[in-house]
Amino acid sequence: MYFLAFEGLDGSGKSSLMKSLEAELKQKNISFIQTREPGGTVLGEKLRHLILEKSNSAPLPRAELLMYEASRAQLVDELVKPALAQKKWVLTDRFSASSLAFQGHARGIGWEKVHALNQFATEGLKPDLTILLDLTVEESEKRRFHREKKNNIQADRIESENREFHEKVRQGFLKAAAEESTHWIVLDAAQTPEMLFNILFNELKKRKWLN
Ligand code: TMP
């Protein structure tokens, strides 16, 4: 069993790539769970709402970070560790690296502080592989606007940050990937969903995690 985290800017295609992998695992009769951050547990979903809502009592950056970490701690103990103990694969839409990129880098809290809090929240549990779907901020915005229009939804509090913020998020992810390159793969998210799944599938075969 393996623990996989999917990271990237909004609209980078994390969900569709996760769905393709889930279909493959199902077809191979491999047990897995899929989850997301913030969220995944009852407490985590409540925190998600508090973090992402646009209100006039928006959390300041330190409070925001601690809420993400609280959601993470709950998820790790309630869902991720038990699933791995039952030999299930775990696929998560975002994990610790999002805090490094968004709060550590883009909000400017600092890499080391976020590293330390990630460590505290997860008790050192790290994904076996983090898949970064790297996309330009322009393309991410285009896809997000399209989705908002199509589904008649509005950008949440984090999505509403400006371009400069999202550029820093992108750079933060690339920095995190470079720091731990053996546990990361960086995919060019401008490719088609089929191409992205093929690259991921070949990577998992190369690692002998799938055949
Ligand atoms: P999602 O919409 O991809 O589920 O993620 C919710 C938003 O929260 C997204 O804009 C990224 C952001 N985020 C952080 O800023 N820090 C974190 O640690 C996590 C997990 C997500």
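In each ligand, atom 1 is the first atom listed, and ligand 1 is the first ligand listed.
Aromatic ring orientation, Trp111 versus His115: perpendicular (interplanar angle above 60°, classes split at 30° and 60°).
We find that Glu138 and Lys142 are not joined by a salt bridge, their nearest charged nitrogen and carboxylate oxygen being 4.0 Å or further apart. A salt bridge links Glu159 with Arg147: the distance from a Lys NZ or Arg NE/NH1/NH2 to an Asp or Glu carboxylate oxygen falls below 4.0 Å. Ion pairing between a basic and an acidic side chain is recognised when a charged N comes within 4.0 Å of a carboxylate O; Lys26 and Glu22 show no such pairing.
For Phe3 and Phe95, the ring centers are positioned less than 6.0 Å apart.
At a cut-off of 3.5 Å, with distance as the only test, a side-chain donor of Ser99 or Arg72 sits close to an acceptor on the other residue.
Residues lining ligand 1 at a heavy-atom distance below 4.0 Å are given as Asp10, Lys14, Glu37, Pro38, Arg48, Leu52, Tyr68, Arg72, Arg94, Ser98, Ser99, Phe102, Gln103, Ile158, ordered by chain and residue number.
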